[in-house]
Amino acid sequence: RASCQTLAPGTHGAFSAGIWECSPGKWRVHYAEDELSVLLSGRLVVTDSAGAQRTFAAGDAFVVPAGFVGTVEIVETVRRIFAVHEMSAA
């Protein structure tokens with residue numbers, strides 16, 4: 001289960017920010033945008049397509065770059081602040 005509150009929708013959809021919360025689970029991801037996350041609570045594991053894992057917990061900040069392919073596993077319910085920037089297809 002996930003919920004999202006967008007705080008800054010941005011201009012033309014290029015930038016947005018908000019608060020996201022999600023209960024435990026695991027899924028594949030393919031990021032088309034750069035995303036900054038600051039974890040307020042919980043713990044998650046990000047694994048890239050080569051199998052390299054990084055674990056993040058409350059207080060950590062990290063960036064997932066555009067083009068990232070892998071999985072995200074929520075180990076303990078996560079609440080985070082996020083900021084997303086999408087490059088325009090100019």
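Owing to the predicted nature of the structure, the values given are computational and were not obtained by experimental measurement.
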Which heavy atom in Glu33 sits nearest to a heavy atom in His85, and how many Å separate them?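 What the structure gives for the nearest pair is CB-O, 3.4 Å.
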
For Ser41 and Ala58, work out which heavy atoms get closest and say how close.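 So the two residues come closest at CA-CB, 3.7 Å.
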
Return the set of residues passing salt bridge (Lys or Arg N to Asp or Glu O under 4.0 Å) with Glu76 (not counting sequence neighbours), or none when no residue passes. Arg43

Between CG on residue Leu39 and CH2 on residue Trp20, distance to nearest 0.5 Å: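 Rounded to the nearest 0.5 Å, the CG-CH2 separation comes out at 9.0 Å.
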
Hey, could you give me the CG/CZ distance between Asp48 and Arg54, rounded to the nearest 0.5 Å?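 One gets 10.5 Å once the value is rounded to the nearest 0.5 Å.
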
Same cluster or not: [X] versus [Y], using hydrophobic residues (I, L, V, M, F, W, Y) connected whenever any side-chain heavy atoms lie under 4.5 Å apart?
X	Y	answer
Val75	Trp27	no
Val29	Val69	no
Val64	Ile74	yes
Val63	Ile81	no

Can you check whether Pro24 reaches Thr77 side chain to side chain, under 4.5 Å on heavy atoms?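 In contact.
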
With sequence neighbours excluded, residues passing side-chain contact (heavy atoms from CB on, under 4.5 Å) with Thr71: Lys26, Arg28, Thr47

List in chain and number order the residues that pass side-chain contact (heavy atoms from CB on, under 4.5 Å) with Glu35, two or more places apart in sequence or in another chain; answer none if no residue qualifies. Tyr31, Ser37, Arg80, Phe82, Val84

For residues 35-79, which residue pairs qualify under ring-ring contact (aromatic ring centres under 6.0 Å, His included), counting only residues two or more places apart or in two chains?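 Qualifying pairs, neighbours excluded: Phe56-Phe62.
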
